Amino acid sequence: MLDPKLLRSDLENVSKDLQRKGFELDHALFSSLEEQRKTLQVETQELQSVRNQRSKEIGAAKGRGEDISPLKAEMDELAQTLKEKGQQLNELQTRLQEWLMGIPNIPHESVPPGKSEEDNRVERTWGDPTQLDFEPKDHVELGEGLQQIDFETGAKITGSRFVVLHSNIARLHRALIQFMLDMHTKAHGYTEVYVPFIVNSDSLHGTGQLPKFKEDLFRVETDNEYYLIPTAEVPVTNIWRNEIVNIEKLPIKYVCHTPCFRSEAGSYGKDTRGLIRQHQFEKVELVQLVHPDNSWQALEELTGHAEAVLQTLELPYRLVTLCGGDLGFSAAKTYDLEVWLPAQNCYREISSCSNFLDFQARRMKARWKDKESKPRLLHTLNGSGLAVGRTLVAILENYQNEDGTIRIPKALVSYMGGVIELKSAD
RNA sequence: GGAGAGGUGGCAGAGUGGUCGAAUGCGGCGGUCUUGAAAACCGUUGACGGGUUAAACCGUCCGGGGGUUCGAAUCCCUCCCUCUCCGCCA
């Protein structure tokens with residue numbers, strides 16, 4: 001959520017900045033709601049003030065044993081007016097709040113203009129695209145060839161966009177998770193957390209998935225309004241919802257492995273082949289809560305932590321800055337890491353690292369405080385470190401041999417119990 | 001699932017219709033004392049919103065929502081959460 005004070009004081013510029021995200025701000029609506037709110041709020045508060053004063057007088061008069069019935073009659077009318085005004089104010093504030101919740105974050109000035117991913121800016125490339133002296137197979141062909149990736153059974157058990165992994169590919173999938181968690185805890189100073197995979201709607205409002213993106217979520221059928229998490233970002237960031245953290249604890253850095261569940265509404269027909277876009281996938285997520293002065297530096301660092309995983313696995317990738325139009329709802333700036341996939345002959349997203357500034361923190365009331373000052377909003381960041389399924393895809397495709405076997409990256413051999421190659425007999 | 005107890009400020013904990021945003025203790029901050037620190041003593045210390053150049057000032061908040069009342073932390077309804085015991089169970 002944006003700062004309402006900013007909207008009141010600088011509507012023109014906010015509006016201009018939001019256009020870079022392709023968002024049209026309704027000036028007239030805001031101005032009119034805001035004006036009504038102000039008038040009503042002042043009126044209501046004045047009435048409340050009178051009521052409080054009169055009530056005290058009644059109390060005092062009663063204490064002296066006086067007749068209070070004339071005073072009470074006067075109060076009846078006041079109470080009635082107050083009730084009406086109060087209700088109007090409530091409705092208005094709810095409307096304003098909902099409207100505000102639907103406004104995306106303002107893109108940072110360094111975010112390139114543009115409408116779609118074609119306008120994203122490539123910042124740097126690491127490694128050379130893998131050269132194979134044979135026709136590369138894609139991960140589906142490789143996995144099915146080894147009889148260790150089984151989409152048909154996934155579809156039978158549940159439906160499309162689900163998968164069953166077998167034997168050493170299942171193990172490699174697990175090895176990747178352990179490897180990533182170990183790296184981020186040991187080398188990058190993150191604390192590992194384990195969190196619920198089902199969350200309530202308050203948490204989803206906090207990080208920005210609700211109210212606008214309900215159709216992307218799986219709702220759990222219970223009396224409570226519960227959802228499966230679309231990313232660990234939701235439960236992990238919400239650890240600090242409605243909390244005030246002592247400045248000495250900053251920065252807070254969490255790493256968390258969870259499954260992620262996404263309905264993928266609106267992506268019908270897109271990436272229908274393979275592991276790239278599943279309803280259920282594993283992700284190791286990096287989350288930071290930092291002092292507002294440090295969030296831009298933290299974004300560079302966090303992105304570097306995700307890059308380190310790719311580098312250690314020796315997977316070629318590039319780093320792009322998302323353009324305004326491709327930027328997510330809550331983010332002020334996002335770096336995507338795109339890994340090279342030989343079979344597709346292109347780079348594909350494997351990590352997304354964002355700075356949200358105080359946008360999520362304001363929704364969540366996640367604040368920090370030092371000795372002298374009042375509570376102030378934190379800045380939040382997160383990034384994939386990395387998406388596990390897509391990393392598996394990248395390894396299969398980049399480390400394939402002509403006969404369809406797969407070499408295991410050096411860094412993973414110990415996690416694979418010494419296995420150095422995936423073969424169909426496994 | 002059954003029975004019971006409870007949710008109050010950073011924490012602990014009093015408060016059962018008015019002068020209660022809330023005693024007291026701890027913690028925090030400032031000071032006295034001290035070469036310094038500790039102890040002791042004194043003072044101070046909630047959040048959010050409106051308002052103001054700044055202040056003054058005003059409002060809201062005692063788990064959430066609703067109700068009764070001139071007036072609610074306190075009474076009623078409802079939901080959520082925590083704890084204890086029993087049952088079941090990875």
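Each chain gets a letter, A, B and so on, in the order its sequence line appears, and its residues count up from 1. Predicted, not measured: the structure shown is a model, and the values here were computed from it.
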Proximal nucleotide (of [options]) relative to the [X] side chain:
| X | options | value |
| --- | --- | --- |
| A/Tyr226 | B/C81, B/U60, B/C58 | B/C81 |
| A/Gln48 | B/G18, B/G50, B/G59 | B/G59 |
| A/Gln45 | B/A47, B/C70, B/C58 | B/C58 |
| A/Arg51 | B/G50, B/G71, B/C48 | B/G71 |

Any strand counts, and the cut-off is 3.5 Å on both contacts for Watson-Crick or G-U wobble. Which nucleotide pairs with [N]?
| N | answer |
| --- | --- |
| B/U84 | B/A3 |
| B/C62 | none |
| B/G36 | none |
| B/U74 | none |
| B/G43 | B/C29 |

Could you give the distance separating [M] and [N] at their [atom1] atoms, to the nearest angstrom?
| N | M | atom1 | result |
| --- | --- | --- | --- |
| B/U8 | B/A73 | P | 16 Å |
| B/G64 | B/C58 | P | 25 Å |
| B/G15 | B/C85 | C1' | 29 Å |
| B/G21 | B/C80 | C1' | 25 Å |
| B/U19 | B/U34 | P | 45 Å |
| B/U84 | B/G67 | P | 36 Å |
| B/C26 | B/C42 | P | 11 Å |
| B/C79 | B/G10 | P | 29 Å |

Roughly, in whole Å, what's the span from [atom1] in [X] to [atom2] in [N]?
| X | N | atom1 | atom2 | value |
| --- | --- | --- | --- | --- |
| A/Lys369 | B/G27 | NZ | P | 17 Å |
| A/Asn224 | B/C79 | CG | C1' | 10 Å |
| A/Ile247 | B/G28 | CD1 | C1' | 15 Å |
| A/Arg367 | B/A47 | CZ | P | 9 Å |
| A/Gln53 | B/C57 | CD | C1' | 13 Å |
| A/Asn242 | B/G64 | CG | P | 11 Å |
| A/Arg362 | B/G49 | CZ | P | 10 Å |
| A/Asn52 | B/C57 | CG | C1' | 14 Å |

Counting only heavy atoms not in A/Lys365, do more than 12 sit closer than 6.0 Å to its NZ atom?
no
Aromatic centroids of [Y] and [X] separated by under 6.0 Å:
| X | Y | answer |
| --- | --- | --- |
| A/Phe329 | A/Phe359 | yes |
| A/Phe356 | A/His379 | no |
| A/Tyr190 | A/His305 | yes |

Return no unless some side-chain N or O of A/Arg54 is found under 4.0 Å from OP1 or OP2 of B/G18.
no
Less than 4.0 angstrom between a side-chain N/O of A/Ser55 and OP1 or OP2 of B/G18, yes or no?
no
On RNA chain B, compare the nucleotides closest to A/Gln41 and A/Lys56; which residue's is nearer the 5' end?
A/Lys56
Tell me which of A/Asn90 and A/Arg376 sits closer to the 5' end of RNA chain B, going by the nucleotide each one is nearest to.
A/Arg376
Under the side-chain hydrogen bond (donor to acceptor under 3.5 Å, both in side chains) test against A/Glu282, which residue among A/His173, A/Arg174, A/His257 passes?
A/His257
For A/Arg121, salt bridge (charged side-chain N to carboxylate O under 4.0 Å, His left out) partners two or more places apart:
A/Glu123
Under 4.0 Å, counting only non-hydrogen atoms across every strand here, what does A/Lys38 touch: a base, just sugar-phosphate, or nothing?
sugar-phosphate
Just to be sure I understand the rule, does A/Asn246 reach a base, reach only the sugar-phosphate, or reach nothing, if contact means heavy atoms closer than 4.0 Å?
nothing
Any donor-acceptor pair under 3.5 Å linking the side chain of A/Glu117 with the backbone of A/Asp326?
no
